[in-house]
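This report refers to the structure that appears directly beneath it.
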Amino acid sequence: MRWSRSFIPTLREDPAGAEAASHRLLLRGGFVRQLMAGSYALLPLGQRVASKIEGIVREEMLRIGGQEFSLPSLHPAELWQRTGRLEIPEIFRLRDRRGAELCLAMTHEEVFTWLARELRSWRSLPQLWFQFQNKYRDEERPKSGLLRVREFLMKDSYSFDLDAAGLDRQFESHLTAYRRIFERCGLEALAVQASSGAMGGSESVEFMVPTGAGEDWIASCAACGYTANIEKAASLLPPLADPPGPPRPEPFPTPGIRSIAALAEFPGGVPAERQIKTLVYVLDGRPALLLLRGDHELVEAKLTDGAGCAELRPATEAEIRALLGAGPGSLGAVGVSQCPVYADAALRGRRNLTTGANRDGEHLRGVDLERDIAVGQWLDLRRVGEGEACPACEAPLRLIKAVEVGHIFKLGTRYSEALGASLPGESGAPQPLQMGSYGIGIGRALAAVAEAHHDADGILWPVNVAPHEAVVSVLNTRDVGVSETGERLYEALLAAGVDAILDDRDERPGVKFRDAELVGIPWRLSVGPKGLATGQVELFRRRGGRRREVPVERAAGILAESVLEERR
RNA sequence: CGGGCCGUAGCGCAGCCUGGUAGCGCGCCUGAAUGGGGUUCAGGAGGUCGCGAGUUCAAAUCUCGCCGGCCCGACCA
């Protein structure tokens, strides 16, 4: 590959509106261009990196027994109707010229399950099927370059077994494969316990790369390795001793007090941890009360999981008034029986607390949870805080911002039952297939690598995923000797199996150095008249910036050896 | 979906408040010099000022509508 003949439109200035480092550098380095919100073109360099990541993923999927497919992205809406997923707001829907309803794939559970109906006998199991295919999601807010887009390439795989033990094995082999994949890509991905979401199955693990550009928070314990998404994470709290209170709740006037903080300051009020926070949510169309300690914050995903609902939203003020007769600020669950009451486990056994009286400007003190409130279900609803005790070993937890690069799910029989994918087990009776699904976002992984490996000058690609492993920079193309030596070194590197590019542009040396560093090529051989005068060329390592002079005749060999050593 | 900001040459921006000639830097093209860290000089090309309507003698500039993009929040199977 010759730089002079390549489309590598590097930018001298930072593009406007690119905040995330990966977004900025991938644009500047000529890897990607934005077509519209959440839609990116991969340019040749970006495609090279994506192909290398894809290659690593493919190797590891084949290693665990995967068979590669390629499924359509355009699906009949009817198939999604049958699994109930057509109602997902992010799905792109369209009609063909005859008016038939179609949709674009968000994932491929439906189509793979449809194919799995052709499995005839338990003897053909286990099966592991995978592909690299575009996914489409009409996100409300695409952002951060490639980190959150509406169309993206995903490796998705699907496992089919008859029993839970088989599913467990497939899940485990994906855990192993994913660890290897991310390690080979140079990503330090943490495997974290995750919420499966409303449509998920029994268990799921996310692979998260810590980065400030991430959108997720994870709680992590350095002592024992416990790691969980904030949507799932638990922690231990020191017990609170409540002073004894009155025999029954006592109302007291609190004019103008509409918040936990205000009530904590109010004469006769109590600190937040002795208040009950009462929230009203609408779960699958029905209102419910949620109770948390005054200083705790609700995690909606925990509510989804715990209450087993598909959809939820905060109630409107009008709905709240209709239900409880008061507005937010004076809400409470004492005496409430008209709707379910879910309480966070941290409130269990608490006594003599303060909460709203369901009359504006009035609160109740002396409330005992067990005595005064008809709690329908105790759930873990609260957000874990930094420094709280690890649920496994009690060491303090840290909260880390991260981006999700992979997610593996045990789906169970949700899709196989909906689509009729079952086959006779050893007993002869038909059983629905036990499925797992497993995804890696290729573009997101690419961006995550750039996010994790860059400096002020550009990207520092690990050799395994670099668009080119080495560049031969011809510092003066008008000098025939220099040019010819550069060509020879370039050819020698190719012959040695190094993925090299020859920078043969008629540019000043500084331009070539800057571009090579911006693009992030791990190794560089600089061929110039000064070095050649004494038979030397300069070998430069992008990461660390080390440079040394090596004899021309040995340069290709030394570089090839270094590159091969770094490959994994 | 709520809040904020922005659409002017390929990229980054100024001009808009106070209506009248469309400008700067980078990049690009030509020539010359230079050639180990974005070099210099000279010449040149390139713009429906996001789209539509309105006000006006006159609109990049004022008004309204629409479209698009970015950031924060909410959401994310």
Side-chain angles (χ1 to χ4, degrees), chain A residues 9-20 23-24 27-28 30 33-39 80 83-91 105-110 135 137-145 147-150 154 156 194-201 204 206 213-216 229 231 298-301 304-305 309-314 316 403-404 407-409 411 414-415 437 439 441 444 457-458 473-479 482-483 503 505-518 524-533 536-538 540 545 547 549:
Chain A
T10 56
L11 302 173
R12 190 180 284 232
E13 292 174 84
D14 281 340
E19 304 269 318
H23 189 199
R24 183 168 50 81
L27 283 168
R28 276 196 61 192
R33 286 295 183 263
Q34 180 178 24
L35 179 62
M36 56 180 172
S39 177
W80 287 68
T83 58
R85 296 214 298 171
L86 198 57
E87 305 314 316
I88 296 172
E90 281 76 25
I91 201 163
M106 297 182 60
T107 58
H108 283 78
E109 276 83 358
E110 279 79 2
K135 305 292 184 262
R137 297 184 186 179
D138 195 2
E139 298 281 356
E140 287 193 55
R141 181 149 117 70
K143 58 180 283 200
S144 305
L147 287 177
R148 185 175 192 75
V149 293
R150 296 193 294 174
M154 177 189 263
D156 45 328
S195 160
S196 294
M199 300 304 219
S204 88
E206 288 169 333
E215 301 185 272
D216 288 291
N229 192 301
E231 295 182 345
L298 171 71
V299 174
E300 290 189 349
T304 305
D305 290 348
C309 63
E311 255 187 298
L312 93 204
R313 62 172 173 85
T316 63
V403 61
E404 176 190 343
H407 200 162
I408 61 179
F409 294 88
L411 295 175
R414 182 189 142 64
Y415 294 89
S437 85
R444 192 182 269 188
D457 298 324
S473 298
V474 177
L475 299 186
N476 186 340
T477 50
R478 308 269 175 93
D479 182 319
V482 169
S483 257
D503 193 348
R505 292 175 296 170
D506 182 17
E507 289 286 353
R508 305 273 303 188
V511 173
K512 299 185 182 188
F513 294 150
R514 295 267 190 173
D515 271 349
E517 283 153 24
L518 175 62
R524 184 178 76 216
L525 269 186
S526 302
V527 186
K530 291 187 185 169
L532 280 195
Q536 311 271 302
V537 293
E538 184 195 80
F540 174 78
R547 58 192 74 203
E549 298 292 325

When rounded to whole Å, the CG to C1' distance for the pair A/D14 and B/rC11 reads 11 Å
Judged by nearest nucleotide, the residue sitting upstream toward the 5' end of RNA chain B, A/E538 or A/T107, is A/E538
inquiry  = When the C1' atoms of B/rA22 and B/rU8 are compared, how many Å lie between them, rounded to an integer?
reply    = 8 Å
Using a cut-off of strictly less than 4.0 Å, decide whether A/R12 has a side-chain nitrogen or oxygen near OP1 or OP2 of B/rG27.
yes
Separation of the C1' atoms in B/rC16 and B/rA59, to the nearest angstrom:
10 Å
B/S/- along nucleotides 67-74 of chain B (protein heavy atoms under 4.0 Å) is --SSBBBB
**Asked** Is there a donor-acceptor pair closer than 3.5 Å between any side-chain N or O of A/R414 and the backbone N or O of A/T83?
**Response** yes
If pairing means Watson-Crick or G-U wobble with both distances under 3.5 Å, then the partner of B/rG23 is B/rC13
Checking N1-N3 plus N6-O4 or O6-N4 for Watson-Crick, or N1-O2 and O6-N3 for wobble, each under 3.5 Å, the partner of B/rG7 is B/rC67
Winner on side-chain proximity to A/R508, out of B/rC26, B/rU34, B/rG37, is B/rU34
A/K530 NZ to B/rG35 P, in whole Å, measures 9 Å
Discussion item. We want to know whether A/R85 and A/T107 form a side-chain donor-acceptor pair, criterion being a heavy-atom distance below 3.5 angstrom.
Written reply: yes
_Euclidean distance for C1', B/rG4 against B/rA77 (whole angstrom)_ = 31 Å
Next item on the list: Identify whether any heavy atom of A/R547 sits under 4.0 Å from a base atom; if not, whether one sits that close to sugar-phosphate; answer base, sugar-phosphate or nothing.
Entry: base
Partner of B/rA42 under the Watson-Crick or G-U wobble criteria, both distances under 3.5 Å, comes out as B/rU30
If pairing means Watson-Crick or G-U wobble with both distances under 3.5 Å, then the partner of B/rG73 is B/rC1
Whole-Å distance, A/L11 CG to B/rG10 C1', equals 9 Å
Is the backbone of A/P142 close enough, under 3.5 Å, to the side chain of A/R148 for a donor and an acceptor to pair up by distance? no
In whole angstroms, the gap separating C1' of B/rG35 from NZ of A/K512 amounts to 10 Å
Closest non-hydrogen atoms of A/P529 and A/N476, given as atom of the first, atom of the second and distance, are CD-CB, 4.4 Å
A/R514 atom CZ is separated from B/rG27 atom C1', nearest whole Å, by 16 Å
- Which whole number of Å gives the distance between the C1' atom of B/rG23 and that of B/rU61? 15 Å
Any donor and acceptor pair, going by atom type alone, linking the side chain of A/R150 with main-chain N or O of A/D138 inside 3.5 Å? no
A/E507 CD to B/rC28 P, in whole Å, measures 7 Å
**Request:** Please check if the side chain of A/T10 supplies one atom and the backbone of A/G30 the other of a donor-acceptor pair under 3.5 Å.
**Result:** no
Testing B/rC28, B/rG36, B/rC26 for proximity to the side chain of A/E13, the answer is B/rC26
As its Watson-Crick or G-U partner within any shown strand, both distances under 3.5 Å, B/rG47 has none
Taking a pair to mean Watson-Crick or G-U wobble geometry with both distances below 3.5 Å, B/rG37 pairs with none
A/D515 atom CG is separated from B/rG38 atom C1', nearest whole Å, by 8 Å
task = Using a 4.0 Å heavy-atom cut-off across all strands, classify A/R33 as base, sugar-phosphate, or nothing.
result = nothing
query: On a whole-Å scale, what distance lies between the P atoms belonging to B/rC24 and B/rC6?
result: 24 Å
Checking B/rG36, B/rG37, B/rG12 against the side chain of A/R524 (C-beta onward), the nearest is B/rG37
From CG of A/D138 across to C1' of B/rC1 the rounded distance in Å is 13 Å
Considering every strand and a 4.0 Å limit on heavy-atom distances, what is the contact class for A/D506: base, sugar-phosphate, or nothing? base
Closest to the 5' end of RNA chain B, once A/R505 and A/R28 are matched to their nearest nucleotides, is A/R505
Considering only atom P, compute the distance from B/rC70 to B/rG15 and round it to an integer number of Å.
24 Å
Handout entry: Check: A/K512 side chain, A/V474 main-chain N or O, donor-acceptor pair, under 3.5 Å
Key = yes
Across all chains, not counting sequence neighbours, the side-chain hydrogen bond (donor to acceptor under 3.5 Å, both in side chains) partners of A/E507 are none
> How far, in whole Å, is B/rC17 from B/rC64 if one measures between their P atoms?
Replying inline: 15 Å
Spell out, as yes or no, whether a donor-acceptor pair under 3.5 Å connects the side chain of A/Q34 to the backbone of A/M36. yes
Problem set entry | Donor-acceptor contact below 3.5 Å, side chain A/R33 vs main chain A/L27 | yes
- request: For nucleotides B/rA60 and B/rG27, find the distance between their C1' atoms and express it as a whole number of Å.
  value: 24 Å
Mate of B/rU56 across any strand shown (Watson-Crick or G-U wobble, both atom pairs under 3.5 Å) is none
